[in-house]
*Asks:* 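Dumping the structure here so I can ask a few things about it.
First listed ligand is number 1; within each ligand, the first listed atom is number 1.
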Amino acid sequence: VLKAITLFGRPVALEAPLLAIAVHERDRLMTTLMKPDTMLMIPGPTPVPEAVLAELSLPPIGHRSGAFKKVLEDVQPKLRWIFQTQREVFIYSASGTGAMEGAISNVLNAGEAMAVFACGVFSSRWADIAKTLEIDVRLCQVPDGQATTPEAVEAFLTSPEGQGVSAVCFIHNETSTGVLNPLKALCDVVKRLVPEALILVDTVTSLGATDFKMDAWGVDVAVSGSQKGFMLPPGLAFLVASERAMAKHKQVSRPGFYFNFAKYEKSQSDFQNPYTPALTLIRGLNVALDLMQQEGLDGIYRRHDINKTMTRSAIKALGLPLFVPDEAYASPSVTSVLPMPGTDAEKYRSLLREQFNITVAGGQKDLKGKIFRIGHLGAIFPRDVLTVISALEVCFVQAGAAIEPGVGVAAAQKAYLAACQASNKEACRV
Ligand SMILES: Cc1ncc(COP(=O)(O)O)c(C=O)c1O
């Protein structure tokens, strides 16, 4: 009796007794084979540098100890540096969504009107959260793949629907589509048209990837998360509240308990956290912020820009459509790509995972199966971009896409070399 089994992807015809041995041997090999480490090319969680992992492996210390107070004292100025603010940065033991909920619950009363400018899954989350808090949500939505423009903000805030809003919510980088919004220009419109409205911004995948100036741009509440540009595992969320936001907080009747601004302000002034914080992650944060400071803000932004340009150049050269064709709004953290007509984006992803142990992200919600997303956020370097493009080219061919392997890698190499030439030195020193 001949049966077919698959050995390393190839069908093999064997007689029954041999088949049993082969299956056993295959399973043994599959569990013991050396595998390359997983390469995470998704827009979070992002890879964690070795120095941070080493810190995370240390045994816990008391969260009210002097040693931990010192860590909290150390991280505060570094956090202010990355948010470009003079304000205190609240550290929550939560994911980014927790900080988004805290942002709304602390500054808005039920029934107050709030404008949400949505351009994808995460910017829409502002509205989803606000509805559960009985906020009067005024939603302005642009199609997936497009940015929120100053013109759209002006049109909405001068329309009947945009009247009487106490707050306006933006996202800086929309991770689900790969759009970077022109945030400063958006804030300028709000300040001109509705100066009394608070500006709430999701910087979850823009912070540590591109310039964000909390104070200079007049942002009132900014939120972010650890598993993105901070190069940490998930578990910490950050929130900065302006003086205006703190003043408004005092007038809110149900600001909530766990994310309560006043509690954090009070305890952090004494280098404490109101509850038991994810202290191991905060120690890791201290090390991650040191690494970021060594690279410098300009260095971090430049590296993300080079990663983005290399990725987009490769995809364009290969002839796959970019989901965000407009360079002005292309994300520095993630590049969304449409599959070649007649081929399957999910197939690319599974081939990439199975053969190379590289993970890229798929589409979310309405975009599931329609796009795939290459993350280049956090501890991702030009070396990683060259690798993922090269491996993807193999998978594109295997999935039936009519591309010429090597063309994408060559374009990425040229983009890298152009960056070297522009700066008159190596574009990236590691
Ligand atoms: C821009 C943006 N905002 C908010 C979130 C939600 O963060 P979390 O999953 O940490 O709750 C994400 C998650 O990917 C995101 O990318």
*Asks:* Under a heavy-atom criterion of less than 4.0 Å, does Arg125 contact ligand 1?
*Replies:* yes

*Asks:* Taking only heavy atoms of Thr175 into account, list the atoms of ligand 1 that are under 4.0 Å away from them.
*Replies:*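 Per the distance check, 1 (C), 2 (C), 15 (C), 16 (O).
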
*Asks:* Can you tell me if Asp366 has over 12 outside heavy atoms packed within less than 6.0 Å of its CG?
*Replies:*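 No, not enclosed.
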
*Asks:* Could an N or O of ligand 1 be found under 3.5 Å from any N or O of Thr97, whether backbone or side chain?
*Replies:* yes

*Asks:* Only heavy atoms of Ile171, strictly under 4.0 Å: list the atoms of ligand 1 that pass.
*Replies:*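 With Ile171 as reference, the close atoms of ligand 1 come out as 1 (C).
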
*Asks:* Below 4.0 angstrom, N of the basic side chain to O of the carboxylate: do Arg87 and Asp215 qualify?
*Replies:* no

*Asks:* What I want to know is whether Pro43 and ligand 1 share at least one N or O pair that is separated by under 3.5 angstrom.
*Replies:*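 N/O-N/O distance under 3.5 Å: no.
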
*Asks:* Applying a strict 4.0 Å limit to heavy atoms, is Val223 in contact with ligand 1?
*Replies:* no

*Asks:* Give a yes or no on whether a salt bridge exists between Asp305 and Arg302, defined as a side-chain N under 4.0 angstrom from a carboxylate O.
*Replies:* no

*Asks:* Regarding Ser206 and Asn173, is there a side-chain donor-to-acceptor distance under 3.5 Å anywhere?
*Replies:* no

*Asks:* Quick test of your reading of the model: are Glu346 and Arg349 salt-bridged, counting only N-O distances below 4.0 Å?
*Replies:*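 Salt bridge present between Glu346 and Arg349.
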
*Asks:* Within a distance under 4.0 Å of any heavy atom of Ser95, pick out the atoms of ligand 1 and give their elements.
*Replies:*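 Contacts of ligand 1 toward Ser95, numbered from 1: 8 (P), 10 (O), 11 (O).
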
*Asks:* Considering only heavy atoms of Lys228, which atoms of ligand 1 have at least one such atom less than 4.0 Å away?
*Replies:*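 Listed by number with element, the hits are 13 (C), 14 (O), 16 (O).
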
*Asks:* Side chains of Thr311 and Thr335: donor-acceptor distance under 3.5 Å anywhere?
*Replies:* no

*Asks:* Which residue holds the protein heavy atom closest to atom 5 (C) of ligand 1, what is that atom called, and what is the gap in Å?
*Replies:* Phe122 CD2, 3.4 Å

*Asks:* In this structure, which one of Phe261, Tyr264, Phe259 forms a ring pair (Phe, Tyr, Trp, His ring centres under 6.0 Å) with His249?
*Replies:* Phe261

*Asks:* Non-hydrogen atoms of Gln227 versus ligand 1: any pair closer than 4.0 Å?
*Replies:*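 It does, in that a heavy atom of Gln227 comes within the 4.0 Å cut-off of ligand 1.
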
*Asks:* Could you note down all residue pairs passing side chain to side chain donor-acceptor pair (under 3.5 Å) where residues 390-404 supplies at least one of them, sequence neighbours left out?
*Replies:* Gln355-Gln398

*Asks:* For atom 3 (N) of ligand 1, which of Ile42, Asp202, Thr205, Asn173 has the closest heavy atom?
*Replies:*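 Considering heavy atoms of Ile42, Asp202, Thr205, Asn173, the nearest to atom 3 (N) of ligand 1 sits in Asp202.
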
